[in-house]
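Encoded as structure tokens, the structure appears first; notes follow it.
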Protein chains: 2
Amino acid sequence: MTTKKATIKDVAREAKVSIASVSRVLNGLGGVTAETQAAVRKAAARLHYVPDSAARSLITGRTHTIGAVLPDLYGEFFSELIRGIDLAARAKGLHLLVSSSHDGVEDAAAAVRTMRGRVDGMIILSEFVDGDFLDHNLPSDLPAVLLDSPVDNPRYPSINMDNVAGAQAMVKHLLDTGHASVAFINGPAGNYDAQQREKGYRAAMGQLAPKAKLNIVAGDFSEESGYRAGRELLAQAKRPRAVFAANDMMAVGCLYAFKEAGIRVPEDIAIAGFDDILIARYVSPSLSTVSVSIADLGKSALLLLTELMEGKGHAGSNTRTLRCDVVVRESCGAHQTNVATKHPPALV
Amino acid sequence: MTTKKATIKDVAREAKVSIASVSRVLNGLGGVTAETQAAVRKAAARLHYVPDSAARSLITGRTHTIGAVLPDLYGEFFSELIRGIDLAARAKGLHLLVSSSHDGVEDAAAAVRTMRGRVDGMIILSEFVDGDFLDHNLPSDLPAVLLDSPVDNPRYPSINMDNVAGAQAMVKHLLDTGHASVAFINGPAGNYDAQQREKGYRAAMGQLAPKAKLNIVAGDFSEESGYRAGRELLAQAKRPRAVFAANDMMAVGCLYAFKEAGIRVPEDIAIAGFDDILIARYVSPSLSTVSVSIADLGKSALLLLTELMEGKGHAGSNTRTLRCDVVVRESCGAHQTNVATKHPPALV
DNA sequence: AGTTTTGATGAAAACGTTTACGTTCCGCCG
DNA sequence: CGGCGGAACGTAAACGTTTTCATCAAAACT
């Protein structure tokens with residue numbers, strides 16, 4: 001509107017007070033009479049004054065911004081996560097600086113470094129971070145919380161979804177539904193989530209079907225690898241009665257392999273996935289899966305981070321876990337569905 | 001690592017030069033001998049010096065950050081858009097400040113205002129912005145580009161996807177495939193995209209099937225509204241041969257309505273959508289749709305914004321358009337598919 | 001009435017940079 | 001040999017805040 005942006009001095013002059021008083025009024029510090037307060041507010045409004053955040057940060061040392069560094073993530077997961085973080089951040093009056101799509105250690109390190117000084121805290125989700133990474137790239141005084149990470153460093157709390165309990169629950173459900181043999185399609189070797197889910201599978205099998213042989217085939221989270229895994233399973237001498245894939249995309253790939261081979265799902269073989277991606281609802285048969293509220297994950301991360309920033313940090317439980325829920329749909333054979341009147345799924 | 005963060009003074013002392021020289025070296029301004037340069041670099045490295053961005057912004061007036069304010073968007077669209085922007089921004093050495101999930105004018109206005117001073121430019125996607133909004137909430141000297149907006153203000157260039165051409169092409173395709181009558185499921189009344197797509201539908205029909213009567217039913221972009229629209233269409237005296245929904249979710253809803261009624265797709269009625277969301281590939285029959293590279297949209301927006309920021313903001317063509325492509329799948333009846341060997345869809 | 005307490009206010013320092021301007025030194029030309 | 005130009009470098013001002021401290025008046029005590 002005006003040609004030059006107004007500074008605190010302009011406001012002070014306009015209101016006939018000192019800049020100190022302006023600062024006090026605008027920051028609600030008290031120690032000002034109602035009249036000066038009114039005068040300052042009026043002047044500020046008239047001049048469209050907005051405090052310069054750079055100057056403010058310089059002196060206070062706070063940016064009121066938190067940074068999120070994320071890998072090149074699968075769409076839905078990404079957007080839900082950001083939404084959760086963003087919403088919680090806004091509620092706390094914080095801004096969100098995002099840096100995503102990192103596909104290498106160096107890339108992630110650069111991202112973390114360039115955020116230095118621009119943020120009051122960080123939320124990091126990256127397969128590349130470990131203790132060393134943090135020590136080398138994070139200023140020691142910068143609060144950070146890790147997402148979905150195996151790192152157990154007391155300085156950096158982490159939030160994980162409860163992969164093992166979720167996987168365990170799903171395997172239990174499959175066994176309970178009457179499928180005696182359950183095979184598992186694994187994720188990429190180095191992936192933490194995959195490892196945890198496999199652990200859950202092993203645990204459930206060991207506990208509930210101790211005499212059954214474990215049946216684990218390789219995969220890499222891609223739909224195509226699920227397809228290949230599906231064919232591999234079909235080629236086995238004794239076909240499993242159910243397949244539990246470490247993520248939904250592989251489950252879908254597997255589903256296509258079965259369809260192609262004329263195998264009926266769930267009548268001949270049941271299938272279940274993990275993640276509850278949007279697609280799971282729309283493939284046919286709709287996919288039973290394990291769901292985790294990703295937005296909640298983001299929200300929890302931010303809340304934990306703000307606690308850290310406010311110094312309420314730590315002591316004890318510095319790692320939190322988010323519950324996972326089994327979502328029963330058609331593909332596992334336990335769904336009560338009136339096939340005749342198939343209503344549209346819930347709105348997204 | 002070190003207990004206190006190093007400032008430029010520390011580096012100067014360590015390198016036995018003045019702070020001015022340190023600044024010159026680190027900013028590559030020249031006017032320094034190779035020796036001092038080396039000394040400074042060594043000192044900076046030893047101290048793990050990182051320039052304070054707040055102080056830098058304060059004096060230079062630049063933040064090297066661009067802001068994106070977005071509505072509470074559909075997942076996939078959102079993540080793709082952010083990815084496009086983020087990638088392009090990083091390539092230009094810019095940071096990305098995100099504020100999403102705004103569901104009201106006041107909300108969006110607040111977001112824009114609080115970004116003031118924190119960013120060098122903004123990318124705005126919001127149904128609430130119009131000329132007034134911008135004049136009231138944007139500092140006049142802050143470059144901004146609008147996404148998918150009807151605003152035609154010379155001060156704010158905008159980038160739109162070519163909704164009308166895309167819709168036109170899809171209708172043409174449906175007609176060419178032999179479906180004589182094409183109905184249209186509209187989007188929410190106030191929505192710009194919806195309006196443009198309707199416009200494309202009208203244009204194509206008027207041009208290619210001038211004697212056919214227009215058949216437009218209401219919808220609001222939700223899956224459920226698509227379902228209702230589908231039932232409405234089935235109840236018509238003379239059923240259309242093809243349905244073109246203003247977005248994919250409605251097309252999916254419509255598909256379910258047809259399935260429920262025992263209508264075969266595409267044999268009895270063809271269906272097409274708009275957006276090419278991930279699901280489109282996975283419903284059965286897979287959904288023909290109009291695709292636009294959302295990441296490109298984000299990238300273009302950022303590139304345009306940086307041009308503006310560098311002062312290359314020229315008069316004339318201040319609004320750009322992004323091409324849309326018809327994606328032919330099974331639901332429109334023109335797809336050559338070997339149903340016997342249905343391969344898994346392309347990886348995402 | 002004199003003294004202390006209280007509360008509002010302003011002056012000025014500090015935050016860590018960039019940059020305009022001086023200073024110094026050296027080599028070169030006249 | 002004296003002056004001059006330019007390169008290298010340093011000094012200090014400026015950016016717009018917050019915050020400490022001093023000041024001062026008025027109210028509250030003795």
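Per chain, numbering begins at 1; letters A, B, ... match sequence-line order.
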Problem set entry | Distance-only side-chain donor-acceptor flag, A:Ser100 / B:Asp86, under 3.5 Å | yes

Exercise. Are A:Arg118 and B:Thr65 linked by a side-chain donor-acceptor pair shorter than 3.5 Å?
Worked result: yes

Check ion pair [X]-[Y] (N to O, under 4.0 angstrom):
X	Y	answer
B:Arg13	B:Asp10	yes
B:Asp141	A:Lys5	no
A:Glu106	A:Arg113	yes
A:Glu307	A:Arg320	yes

Problem set entry | Terminal axes of the helix from C:dA1-D:dT30 to C:dG30-D:dC1 (five pairs each): angle between them, nearest 10 degrees | 60°

Problem set entry | Nucleic acid footprint by protein, nucleotides 8-16 of chain D - heavy-atom cut-off 4.0 Å, B for base, S for sugar-phosphate alone | SBBBB-BBB

Problem set entry | B:Leu147 versus B:Ala301, closest heavy-atom pair with distance | CD1-CB, 3.5 Å

Exercise. Counting distance only, does the side-chain N/O of A:Asn160 pair as donor-acceptor with the main-chain N or O of A:Asp162 below 3.5 Å?
Worked result: no

Exercise. How many Å lie between NE2 on B:His64 and C1' on C:dT18, as a whole number?
Worked result: 12 Å

For this session: Scan B:Ser23 against the nucleic acid and name what it touches under 4.0 Å (heavy atoms): base, sugar-phosphate only, or nothing.
Result: base

